[in-house]
Amino acid sequence: MTLFRKYNEKIPRRGILGAMMFLACMFSYVIRTNLSITIVAMVNATSKNGTVGPICTADSLTSNKTIELKDYGERYEWNQHVQGLLLSGYFYGVLPASVPAGLLAEKYGGSKVVAFATLIPAVLNLLMPWASSIHYGFVFMLRFMMGFFGGAVYPALHAMIARWVPPSEKGMFVWTMQGGPFGTVVTFSLCGQVISSFGWKAAYYVTSGLMLLFYVLWVYLIYDTPDVHPGITQKEKSYIKEQIGTSISKQKVPLPIKSVVTSVPFLVLLWAHFANMWGIYFIATNGPKYTLEVLGFNMKSGGFLTGLPYIARLGAGVLFAAAGDYIRRKNILTLELIRKIFMLFSHMGPAIALIIMTYAGCDATTALVMLILALTFNGAACQTSLVNHQDLAPNFAGSLYGVMNTFGSFPGFIIPPIIGALTNERNGVEEWRIMFWLSAGVFVSATILFWIFGSAQIQPWNDLSHSKPTEILEEEKQMTVMEVPVKELQTENDENERL
């Protein structure tokens, strides 16, 4: 909360919004990553040489002795292919949900969408122990439904940012999306401790309980726009309207699909976002499997150590966000150059770290340091792929992020099957090395394309002056809109674009 102290002093309601957005993202990741660590306690793991246990432990390396696995509850004979399917189930659900979520958030309000996207997955998560005892097919169905509803969180939040946050401060608010990766830290650390003490079933009950508590707080505290917030001051409301200016329209019109799919800057942004999510999902979804099944960490330490890179990403993210916003306010660099320079950190940095990690082998210390560095550099994404859509078309921020979230969810169901195919027969360092190289290649390609074709200019299709509005929300009908001369409006548009 202290990170938002200056916002609480200056404009309190936005400070509360930022803190709650951070928690919303955190719990979104709690629900999507809890299976990543619980599944290690739910199945029998097979190492490279055919024995049960991690390849990098002394016993596995020196003999074919079978390692006795600790009793965390019933274990299932789910091979690597089945595990990959289950880990990808959430992301299959995100695929059809993200674009509609953005559209719904723009039409009915982002706060309502986030509320449902928190409540329903929390309830479904409570059914996971039961579904596991029946058949893994039921587990997949539950994970799919969690993804379908839970995948609405990010598009809805981006729609809210467009209406609550001035352009010069968006970097810091997009940083609140780092609450997502931080949720991975919470999940791995908390679930590791809970599983070690009470078994894997308890991990599902604890995570759902915390999410339900957050749901109550969100419904009580958060509103869609400054105009409908009952506790906001007139001074704060005026400040937000003045700073946002005319880049956000009060009219509700359909997303110009043809313009979007033919926009080169948006297409390269899609690939940059895909690369960003590839790295996050690779580590979040399969990090525990690598550290526990290959490197040989125990459940307590493995959960915490696998979460360390996300703590580093969180800390680095706020520094990158503050630095980018400062450079923008002082006009030290153009906005486009800021985005491209920060891509060297957010995408090239992780690529280099992962390449080094490919040859760390069983050196757990080096491997962990490289994981930490990879996500530390990736914290700069709050100034690149996570905010660039706000530059291109703030009127459609929710819908655009819905498209991005759909495309960005692909790694979630692409990566686990690939790893399952690579490690089903032999789960060793050499098999994982292929995946590290592939991940580095994705990052590098995204950086090159963004430097060549990326943009930070507001796109022509963001202008709604020639579009027919389909709806004006009731609260917007009550707003007093000042008539602005055409010349003055053009000047204001030019100034907003410069900022």
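Heavy atoms only: backbone and side chains are in, while hydrogens, waters and symmetry mates are out. Along the sequence shown, residues are numbered consecutively beginning with 1.
Under the 3.5 Å distance criterion, the side-chain polar atoms of Asn378 are matched with a main-chain donor or acceptor of Ser346. In terms of modelled atom types and a separation under 3.5 Å, the side chain of Thr334 and the main chain of Leu337 share a donor-acceptor contact. Put simply, the side chain of His347 gets close to the backbone of Ala272: a donor and an acceptor are under 3.5 Å apart. Using a distance-only test at 3.5 Å, with no hydrogens or angles considered, a donor-acceptor pair links the side chain of Ser445 to the main chain of Val442. Between the side chain of Ser409 and the backbone N or O of Thr406, at least one donor-acceptor pair lies under 3.5 Å. Formation of a donor-acceptor pair under 3.5 Å by the Arg313 side chain with backbone atoms of Phe182 is not found in this model. Distance alone, capped at 3.5 Å, is enough to place a donor-acceptor pair between the Trp451 side chain and the Lys340 backbone.
Rounding to the nearest 0.5 Å gives a distance of 9.0 Å between CE of Met21 and CD1 of Ile222. Within the model, atoms CH2 of Trp278 and OG of Ser439 stand 6.0 Å from one another, a figure rounded to the nearest 0.5 Å. A distance of 10.0 Å separates CG in Leu319 from CG in Leu314, rounded to the nearest 0.5 Å. In this structure, CG on Leu269 lies 4.0 Å from CE on Met404, to the nearest 0.5 angstrom. Considering NE2 of His273 and CG of Leu386, their distance stands at 6.5 Å, rounded to 0.5 Å. Taken to the nearest 0.5 Å, the CZ atom of Phe91 stands 11.5 Å off from the CD1 atom of Ile414.
The one candidate from Thr366, Leu371, Ile352, Val369 that meets the side-chain contact (heavy atoms from CB on, under 4.5 Å) condition with Met357 is Leu371.
A parallel orientation is assigned to the rings of Tyr401 and Tyr154, their planes being inclined by less than 30° (bins at 30° and 60°).
Inter-residue side-chain proximity for Ile355 and Met370 is flagged as unmet; no heavy-atom pair is nearer than 4.5 Å. Between Leu354 and Trp437, every side-chain heavy-atom pair lies at or beyond the 4.5 Å cut-off. Under the 4.5 Å side-chain criterion, counting only non-hydrogen atoms from C-beta, Arg32 is not in contact with Met146. Put simply, the side chain of Ile31 reaches to within 4.5 Å of the side chain of Tyr90, judged on heavy atoms. Between Leu422 and Trp432 there is no side-chain heavy-atom pair separated by less than 4.5 Å. Between Val387 and Arg339, the closest side-chain pair of non-hydrogen atoms falls below 4.5 Å. Residues Thr376 and Pro309 are not in side-chain contact: their nearest non-hydrogen atoms beyond the backbone lie 4.5 Å or more apart. The shortest distance between side-chain heavy atoms of Ile419 and Phe282 falls below 4.5 Å.
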Hey, mind stepping through Leu190 and Leu210 against side chain to side chain contact (heavy atoms under 4.5 Å, CB included) and telling me if it holds? CA-CA 11 Å; Leu190 176 63; Leu210 292 174; 3.8 Å; yes
Give the intermediate values and the outcome of side chain to side chain contact (heavy atoms under 4.5 Å, CB included) for residues Asp391 and Ile458. CA-CA 6 Å; Asp391 305 326; Ile458 291 182; over 6 Å; no
For the pair Thr447 and Val444, evaluate side chain to side chain contact (heavy atoms under 4.5 Å, CB included) and give the outcome as yes or no after the intermediate values. CA-CA 5 Å; Thr447 305; Val444 171; 5.7 Å; no
Checking Asn388 against Gln383 for the side chain to side chain donor-acceptor pair (under 3.5 Å) test, could you report, in this order, the C-alpha distance in whole Å, the side-chain angles of both residues, the deciding distance, and whether it holds? CA-CA 8 Å; Asn388 187 228; Gln383 288 288 355; over 6 Å; no
Take Gln390 and Leu400 through the side chain to side chain contact (heavy atoms under 4.5 Å, CB included) test and state the conclusion after the steps. CA-CA 9 Å; Gln390 300 267 356; Leu400 291 183; over 6 Å; no
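The shortest heavy-atom contact between Phe188 and Ser36 is CE2-CB, 4.2 Å. Of all heavy-atom pairs between Ser263 and Gln459, the closest is OG-OE1, 4.0 Å. Of all non-hydrogen atoms in Thr187 and Tyr29, the two that sit nearest each other are OG1-O, 4.1 Å. The two residues Gly408 and Met277 make their nearest non-hydrogen contact at O-CB, 3.3 Å. Taking every heavy atom of both residues into account, Leu392 and Ser455 meet most closely at CD2-O, 3.6 Å. When all heavy atoms of Val261 and Leu267 are compared, the closest pair comes out as O-CD1, 3.6 Å.
Take Phe407 and apply the ring-ring contact (aromatic ring centres under 6.0 Å, His included) test, not counting sequence neighbours, and it matches Phe274, Phe410. Not counting sequence neighbours, the partners of Asn34 by the side chain to side chain donor-acceptor pair (under 3.5 Å) test are Asn125, Arg143. Every residue two or more places apart in sequence or in another chain was checked for a ring-ring contact (aromatic ring centres under 6.0 Å, His included) with Phe148, and none qualifies. Every residue was checked against the side-chain contact (heavy atoms from CB on, under 4.5 Å) condition with Pro100, not counting sequence neighbours, and none meets it. For Phe27, the ring-ring contact (aromatic ring centres under 6.0 Å, His included) partners two or more places apart in sequence, or in a different chain, are Phe214.
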Could you list the donor-acceptor pairs under 3.5 angstrom formed between side-chain atoms of residues 112-119 and any protein atom two or more places apart in sequence or on another chain?
residue, atom, partner, partner atom, Å
Lys112, NZ, Tyr108, O, 3.2
Lys112, NZ, Asp224, OD2, 2.7
Thr118, OG1, Val114, O, 3.0

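Counting heavy-atom neighbours within 6.0 Å of Ile257 CD1, excluding the residue itself, gives a total of 12 or less.
Under the 3.5 Å distance criterion, with hydrogens and angles disregarded, no donor-acceptor pair is assigned to the side chains of Ser111 and Trp218.
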